[in-house]
There are 2 protein chains.
Amino acid sequence: MAITIAASSETDYVEGMPRKTDARARAIATAQRLFRIQGYTATGLTQIIEESGAPKGSFYFHFPRGKAQLAEEAIDHYVAGRIAVLRNISANTAGDALNFVQQVFGTFAAEMVASDFQYGCLMQNLANELPALDAELTERVARGFVDSTEIITEHFRGCGFTPARASSTAAALVAALEGARTIARLERTPAIFEALAEVSVQRWAVAER
Amino acid sequence: MAITIAASSETDYVEGMPRKTDARARAIATAQRLFRIQGYTATGLTQIIEESGAPKGSFYFHFPRGKAQLAEEAIDHYVAGRIAVLRNISANTAGDALNFVQQVFGTFAAEMVASDFQYGCLMQNLANELPALDAELTERVARGFVDSTEIITEHFRGCGFTPARASSTAAALVAALEGARTIARLERTPAIFEALAEVSVQRWAVAER
DNA sequence: CTCTTTCTATGGTGATTGCCATAGTATGGC
DNA sequence: GCCATACTATGGCAATCACCATAGAAAGAG
C-alpha cells in the first residue's frame, strides 16, 4: 500500500485521503535546490516541473497559490533542516563554545564543498529579492534567522556567557555564516570558513585563558 | 556648453565626441539602485529605462551588449564607491584596528538606515544569481570582494598584525558585513551591526590589553 | 456497482522578458 | 552646404513568464 511520507506541511489539507504520489514532495525539493542555486525570480515554474519530473498538469492542484506557496513550503523545509543541524552540533558540544563554533563552520564548509559551491542559503537568496515576496513569505524568512539565532544563543548561555553576550555573539556568528556562503561561492574555496575559524580561535584562546 | 561628466567607464568608446546627454549615466545609476533592491533577474530593462527617464529608443546604442554590460558598469561604480569609503575610513583610523572596525560597522549601518533598509549589497545580490551571469560579470563581482578585503588587510597590517592574522581578520570582517546586510534588511534594524561592534570590542579589549 | 477524492493532460490566456532592425533627428566640425 | 557622429522613435521579434479552465483518468470506500 506504499505509505507516502510527504509531510504535507501545515498549509491546506487538514484531512482527506493520504497522498498517492510523491510529485508534490519532489517539486518542493527541486524548488529548494533551484532557488538556492539561481534565486527565486530567476527560477521558472517550467524548470522546476521539468527537473522534478512532476506532471505538468497538476501543479496548481498541489499548489493552489502557485509559486509563492511553493516557496513557502521550500523554506519551511530548509529552515527545519538548518535548525536540526544546529541542534545536533549544539548537543555534541554542550558547554564548549569554541568547539561548537568550529563544528558549525566545518559543517557549513563541508556542505558547500559537497555541492561544488553551487548552493547558496535559501533564506539569504529570498532576502535579496524582498520586493518579489509577499508578506507571508517574508515573515517566514525572517523567522528562519530568528530561530537559528535563538538556538545558538541558547548554546552560548549554556557555556556560561551572560545573556547579552550570548545573544550578540550568536547574532555575529549567524551574520558571518551568511556572508561566508556568498564569498565561498565566488572563490570556490572553503578558505573563508577557515579564516573565520582562525579568528574565533584567537578570540577565545585569549579571552578565556 | 554644459560639460557632461559621464565617466564612460573603460569599456567601449576609446575616443569620439564627448557625451551629449546624461541618459547613459542615469541608466547605470538606476540599474545599480534597482539591482540592489530587487536583484538582477527581477529587474527588467523596461523598469530601468522608465525610472531613469532615459529614452527607450537608444538603450542598445549606449549599451550594445545589453543588460550584461549595464550590470558590469553598475558594479564597477559600486565597487569603486565601496573602496573609496573603506580607504577613507582606513586613513582616518590609521594604526587603530578597533576604531577602524567600529567606523566600518557604523558607516554600513548608517547607509542601511538611510535607505530605510531597502538596499542590499550589489556584489552579494549578483553572487546569489551566478548562473544568470556571464564569466566577465562573475569575475568583476569576485574582484570586488578581493579588492575590499585587500584594503582591510592592509589596514590591519598597519596596526601591527602579522600578515596571516591581518588577512584572516579582514576576510572575517568582510563576511560579517555581508551577512549583516542581509539580516538588517529583514529586521529593519541596525541591531546586527551593533552586535558585531560589541563582539569586536570584547575581542580587542581582551586581546590587546 | 457508484461515488468521492486524488491526480493528470491538454491547450490556452495575456503580459512581460531581453533584444534588435530600420529609420530619422540633432549637432558640431570643416 | 556637407558629412560624420551622437542620439532617439517606432515597431516588432521569438521566447518565457505565472496562471488557469476544462476535461478526464485512477483508485479506494461504501
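Naming: A, B, ... by sequence-line order, numbering from 1 per chain.
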Value in whole Å for how far the [atom2] atom of [N] lies from [atom1] of [X]:
X      : N      : atom1 : atom2 : answer
B:F59  : D:dA6  : CZ    : C1'   : 17 Å
B:D134 : C:dG18 : CG    : P     : 15 Å
A:F61  : D:dT22 : CZ    : C1'   : 16 Å
A:I49  : C:dG11 : CD1   : P     : 17 Å
A:F63  : D:dC20 : CZ    : P     : 15 Å

Any side-chain heavy-atom pair of A:Y78 and A:F35 under 4.5 Å: no

Distance test, side-chain N/O of B:H62 to OP1/OP2 of D:dT8, below 4.0 Å: yes

Presence of B:S58 side-chain N/O under 4.0 Å of D:dC7 phosphate oxygens OP1/OP2: no

Test: A:R185 and A:E111 ion pair at under 4.0 Å: no

Pair B:E50 + B:K56: basic N to acidic O under 4.0 Å: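 Not counted as a salt bridge, because no side-chain N and carboxylate O are separated by less than 4.0 Å.
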
Exceeds 12 heavy-atom contacts within 6.0 angstrom, atom CZ of A:R87: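 Atom CZ in A:R87 is not packed in, count stays at 12 or less.
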
More than 12 heavy atoms of other groups within 6.0 Å of A:R26 CZ: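 Yes, CZ of A:R26 has more than 12 neighbouring heavy atoms, counting only those of other groups under 6.0 Å.
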
Annotated protein contacts, base or backbone, on nucleotides 10-18 of chain D with a non-hydrogen cut-off under 4.0 Å, one of B, S, - each: B------SS

Within 45° cone and under 6.0 Å: B:K67 NZ/CZ vs B:F59 ring: no

